[in-house]
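Below, chain A is the first sequence line, B the second, and so on; all start at residue 1.
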Amino acid sequence: MTESTYDRIYKTVHQIPEGKVATYGQIAELTNLAGKARLVGYALYRIDPQTSDVPWHRVVNAKGEISQSPFRNGGDYLQRSLLEQEGVQFSPQGKINLRADRWQP
DNA sequence: TGCTTGACTTTAC
DNA sequence: AGTAAAGCCAAGC
């Protein structure tokens, strides 16, 4: 079977340990897609969190903020809740301290 | 078959 | 510090 580009991305995201977060650029790099961070974001946009066991909530942008899609409409709150339950600490501005909670394989 | 959009990143001013 | 532009690939119409 042929591993699609997204399949590799899902696998990489699924490798993120609990209580850690990764940036799109990092996921792209680990997936052999360095420089194509948009593909990672787009991949997570197309999947269904209900049918997929991909911890999409552990993926944030380079600023440590939670990216949201117009379709999710407020899903950032859910994502933040999930991360907080895993032990991820948020800054007063609602940002994540990437230097501390960033996934380092 | 071709153009537009989209959960991004990085560099530069 | 915040704003602007370029680069990349895939799916949708």
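Contact of the A:Leu98 side chain with the A:Val60 side chain is registered, since non-hydrogen atoms from C-beta on lie closer than 4.5 Å. With a 4.5 Å cut-off on side-chain heavy atoms, A:Val59 and A:Tyr24 count as touching. In this structure the side chain of A:Leu44 never reaches within 4.5 angstrom of the side chain of A:Tyr6, judged on heavy atoms. Contact of the A:Ile96 side chain with the A:Leu83 side chain is registered, since non-hydrogen atoms from C-beta on lie closer than 4.5 Å. At a threshold of 4.5 Å between non-hydrogen side-chain atoms, the residues A:Ile66 and A:Arg80 count as touching.
When rounded to the nearest whole Å, the span between OH of A:Tyr24 and P of B:dT9 equals 7 Å. For the pair A:Glu29 CD and B:dT10 C1', the interatomic distance rounds to 13 Å; values are reported in whole Å. In this structure, A:Gln68 atom CD and B:dG6 atom P are separated by 14 Å, rounded to whole Å. One interatomic measurement links the two molecules: NZ of A:Lys63 to P of B:dT10, which rounds to 11 Å at whole-angstrom precision. In this structure, the CG atom of A:Leu30 is 15 Å from the C1' atom of B:dC8, given to the nearest Å. Atom CG in A:Leu33 sits roughly 15 Å away from atom P in B:dT10 (whole-Å rounding). Rounded to whole Å, the distance from CG on A:Asn61 to P on B:dT10 is 11 Å.
Looking only at distances, no side-chain donor or acceptor of A:Glu29 sits under 3.5 Å from a matching main-chain atom of A:Ala34. A side-chain donor-acceptor contact under 3.5 Å links A:Gln26 to the backbone of A:Trp103.
Listed by first and then second residue, the salt bridge (charged side-chain N to carboxylate O under 4.0 Å, His left out) pairs that reach into residues 85-95 of chain A are A:Arg58-A:Glu86, sequence neighbours excluded.
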Per-nucleotide protein contact along nucleotides 1-13 of chain C, 5' to 3', at a 4.0 Å heavy-atom cut-off (B base, S sugar-phosphate only, - neither), is ------BBBSSS-
With both pairing distances under 3.5 angstrom for Watson-Crick or G-U wobble, and | for a partner in another strand, the correct string for DNA chain C is .||||||.|||||
